[in-house]
Q: 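Before I ask anything, let me first share the structure, which is written out below as structure tokens.
So you know, we letter chains A, B, ... as the sequences are listed, proteins then strands, and number each from 1.
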Amino acid sequence: MAESTSGDSSNSNPTPPPAPVPEHKSWADVAEEEVAEEANAASASSTAASSLNVDELTIDEKKKATKFLDEPEDSNIQAVTSGDTPYNSASTFEDLNLSPELLKGLYVEMKFQKPSKIQAISLPMILNPPHKDLIAQAHNGSGKTTCFVLGMLSRVDPKMQVPQALCICPTRELTIQNMEVLRKMGKYTGISSECAIPADSRDALPISKRAPIMAQVVIGTPGTIKKWMSFKKLGVSRLKILVFDEADQMLAEDGFKDNSLRIMKEIEKVNPHCQVLLFSATFNDTVKNFVSRTVKKDHNQLFVKKEELSLEAVKQYKVNCPDELSKIEVIKDYIFEIGENVGQTIIFVRTRNSAKMLHKSLVDLGYEVTSIQGALDNEERDKIVKEFRDGLTQVLISTDVLARGFDQQQVNLVINYDLPVKYTAEYTREPEPDYEVYLHRVGRAGRFGRKGAVFNLICGERDENLMAKIERHFGTHVTEVQEKNVEDYKRALKEAGLLQ
DNA sequence: TGTCAGA
């Protein structure tokens, strides 16, 4: 059984006996506290975690009193490192032995000054030999992308024109977004890259007639990557680093598990030392347990408590609506009316069809909105996202295609037209909220510590229960806004910092 | 049900 520095690896004492926990915990406090939890969770199945030693990473909080780029200073990230490889957190990008070209990209193109907290901790683990696998959880909008993009760019040997880094994302949109970051950051490196997503239908060449991929970095969606690999157009024998963005979804039973595992195994077969990075803002216990068995045994991991994940920057509200129609009225007569100038808005719906219907309803009422969902043509999807990014549209209706990762700083308002629900085969049971999706949706607002608000439109007892469970899960209170009370909405938006 | 694809 585990040896851990928390001193107690038995199940009998899940909470160490510390004094009353102060509001602002020091790193070490949390590390110890959580290690015990971790050990317990892991003990159920004898996983890798059970043989981990815990190094409390030496971060002198006081020395680092200056604010990190984007994360709450007191955010607690629990690090578990395997073996005895010591890692020092990086207080500057210079600490990381990056090439001058990469540094230039970071400072000039990205306009970064210093690593965010997750970057400071994870980058040494990613970049330093022996290049262990890493499972990393970090808050929404905290700079996860930079971590793995930097990892990929810095591992590529510029002299070899073959794929050396591969990143797999759940959606086309996230692939494109990540590629834009990579190209910007790697602008001065000369590293080549290619998106593995379905091409525009017109200039699509059959895969069998395509030249093999030479690009050094490939980012794409699972279907296309699998296809390219099976047609031997994407060689993986020289891969040094494999990244799963939104890893919990990529490895979830009802997500992309099969595809992801197939790709991972294929790579492992020819290339057992390829470093694997798993990044997400969320890892529920089931997935957490599974992924830690999926990667190599001596992996490192970073986790955040779920209570800490709900961004304080984003205020959460709920509106009880007597029926579906009144949801539309709430949106147009109150939220749109009062929140006219608060920035861009994303309205999340559960199904493709409701995206279409709500779009039509709002357009019929004279509002300029667009909508996106997976049934649209790829060209159409790209166009709608571009228009939204360019600020040509203010309101975007979306299924959960955009729930994760979509980074648009002007989005200050998120409306949950439908609450996210976990799909369960046993529909006899009462529905469970999808906590992870909820958190990801909320995270579309308040990017990089900006202000934001989310309105949850509740209809009926079922929704009330779901909402209550969400509140309980994250340990937060979601303020109710009276359906037809203008002042309530105003107060909410003021409180969120979106209204004078 | 939604996310990826393709028979």
Q: Test of understanding: with ring pair (Phe, Tyr, Trp, His ring centres under 6.0 Å), list the residues that count as partners of A:F283, not counting sequence neighbours.
A: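 Partners of A:F283 by the ring pair (Phe, Tyr, Trp, His ring centres under 6.0 Å) criterion, ordered by chain and then number, come out as A:F303.
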Q: Taking only the side-chain nitrogens and oxygens of A:T224, find out if one of them lies under 4.0 Å from OP1 or OP2 of B:dA5.
A: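 Answer yes for this pair, as a side-chain N or O of A:T224 is under 4.0 Å from OP1 or OP2.
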Q: Let's see if you get this right: which residues in residues 172-183 of chain A place a heavy atom under 4.0 Å from DNA chain B?
A: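 Heavy-atom cutoff 4.0 Å gives A:R172.
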Q: Take the protein atom CD of A:E436 and the nucleotide atom C1' of B:dT1, then report the distance between them rounded to whole Å.
A: 16 Å
Q: Can you check the A:R350 CZ to B:dG2 C1' distance for me, whole Å?
A: 9 Å
Q: With sequence neighbours excluded, what pairs up with A:K356 under the salt bridge (charged side-chain N to carboxylate O under 4.0 Å, His left out) test?
A: none
Q: Within this structure, what is the CD-to-P distance between A:Q373 and B:dT3, rounded to whole angstrom?
A: 7 Å
Q: A:Q249 near the nucleic acid: base, sugar-phosphate alone, or nothing, with a heavy-atom cut-off under 4.0 Å?
A: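 Base contact - A:Q249 has a heavy atom under 4.0 Å of at least one base atom.
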Q: For B:dA5, take OP1 and OP2 only and decide whether either is under 4.0 Å from a side-chain N or O of A:T221.
A: yes
Q: For A:I346 and B:dG2, what is the distance between atoms CD1 and P respectively, to the nearest whole Å?
A: 18 Å
Q: Among all residues two or more places apart in sequence or in another chain, which pass the ring pair (Phe, Tyr, Trp, His ring centres under 6.0 Å) test with A:F336?
A: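 Applying ring pair (Phe, Tyr, Trp, His ring centres under 6.0 Å) to A:F336 gives A:Y367.
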Q: What is the separation between atom CG on A:N378 and atom C1' on B:dA5, rounded to the nearest whole Å?
A: 11 Å
Q: Heavy atoms only, 4.0 Å cut-off, all strands: where does A:R404 land among base, sugar-phosphate and nothing?
A: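 Contact class for A:R404: none.
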Q: Please list, chain by chain and in numerical order, all residues satisfying salt bridge (charged side-chain N to carboxylate O under 4.0 Å, His left out) with A:R210, sequence neighbours excluded.
A: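 Residues passing salt bridge (charged side-chain N to carboxylate O under 4.0 Å, His left out) with A:R210: A:E194.
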Q: Is A:R441 touching bases, backbone alone, or none of the nucleic acid, heavy atoms closer than 4.0 Å?
A: nothing
Q: Salt bridge between A:D400 and A:R441, side-chain N to carboxylate O under 4.0 Å?
A: yes
Q: Name the orientation class of the two ring planes belonging to A:Y489 and A:F455 (parallel below 30°, tilted from 30 to 60°, perpendicular beyond 60°).
A: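 Answer is tilted, since the angle falls between 30° and 60°.
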Q: Can you tell which of B:dC4, B:dA5, B:dT1 lies closest to the side chain of A:D254?
A: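 The answer is B:dT1.
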Q: Between B:dG2 atom P and A:D258 atom CG, what is the distance in whole Å?
A: 19 Å
Q: Expressed in angstrom and rounded to an integer, what is the separation of A:L251 atom CG from B:dT3 atom C1'?
A: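 A:L251 atom CG is separated from B:dT3 atom C1' by 14 Å.
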Q: Kindly point out which of B:dC4, B:dA5, B:dG2 is positioned nearest to the side chain of A:T351?
A: B:dG2
Q: Which of these nucleotides, B:dG2, B:dC4, B:dA5, is closest to any side-chain atom of A:P222?
A: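 The closest nucleotide is B:dC4.
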Q: What's the CZ-C1' distance between A:F231 and B:dA5, to the nearest Å?
A: 12 Å
Q: Run the side-chain donor-acceptor check on residues 341-350 of chain A: report pairs under 3.5 Å with partners two or more places apart or on a different chain.
A:
residue, atom, partner, partner atom, Å
A:Q344, OE1, A:Q408, NE2, 2.7
A:Q344, NE2, A:F388, O, 2.8
A:Q344, NE2, A:T393, O, 2.8

